[in-house]
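Working notes for the structure below.
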Amino acid sequence: MAAIYKHTRDGFQIHYRIYFPQGGWLKKYRAVRDKKKAYLMLNDIERIEILSQQMRLTKEQIIYALNHLVT
């Protein structure tokens, strides 16, 4: 599951995994300076992570969703 970690240089980092329909997963992270924005992004990222784990998203939908997250 996605988690927020405090980072000295970047502010906050959200660590998460993306699961692909072909098998396998990729560990990713996003850096955000504002704590409130980090928690708002966490909700969206958790939703994407769960849907990708359940194989309800295609690879193109996953990439599109991750590129359009507000940072």
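Remember, predicted model here, so these are calculated numbers, not experimental data. One-based numbering along the sequence shown. The analysis underlying the following values was restricted to heavy atoms, covering all of them including side chains, and did not include hydrogens, waters or symmetry mates.
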Checklist line | Sequence neighbours excluded - salt bridge (charged side-chain N to carboxylate O under 4.0 Å, His left out) pairs with any residue from residues 45-57 | finding: Asp44-Arg47
Notebook entry, point to check: Is Trp25 reachable from Tyr29 through a run of hydrophobic residues whose side-chain heavy atoms are each under 4.5 Å from the next?
Noted result: no
Margin query: Less than 4.5 Å apart, side chain to side chain, heavy atoms only: is that true for Lys6 and Phe12?
Written below: yes
Next item on the list: Measure the spacing between CD1 of Ile48 and CD1 of Ile18 and express it to the nearest 0.5 Å.
Entry: 6.5 Å
Item checked: Non-neighbouring partners of Asp10 that pass side-chain hydrogen bond (donor to acceptor under 3.5 Å, both in side chains), sequence neighbours left out -> Gln13
Notebook entry, point to check: Which heavy-atom pair separates Ala38 from Ile14 by the least distance, and what is that distance?
Noted result: O-CD1, 3.4 Å
Check: What's the shortest heavy-atom distance between Ser52 and Leu57, and which atoms?
Finding: N-CD1, 4.1 Å
Notebook entry, point to check: Roughly how far, to the nearest 0.5 Å, is the CD1 atom of Ile4 from the CG atom of Leu42?
Noted result: 4.5 Å
Item checked: Pairs where residues 34-54 contributes a residue and the test ring pair (Phe, Tyr, Trp, His ring centres under 6.0 Å) is met, not counting sequence neighbours -> none
Next item on the list: Quick one: list whatever passes side chain to side chain contact (heavy atoms under 4.5 Å, CB included) with Gln53, sequence neighbours left out.
Entry: Tyr19
Item checked: Taking every non-hydrogen atom, the tightest pair across Ile50 and Met1 -> CD1-CE, 4.0 Å
Notebook entry, point to check: Can you tell me how far NZ of Lys27 sits from OH of Tyr16, rounded to the nearest 0.5 angstrom?
Noted result: 12.0 Å
Next item on the list: Find the distance between CD1 (Ile45) and CZ (Arg17) and round it off to the nearest 0.5 Å.
Entry: 15.0 Å
Item checked: Test ring pair (Phe, Tyr, Trp, His ring centres under 6.0 Å) applied to Tyr5 - qualifying residues, sequence neighbours left out -> His15
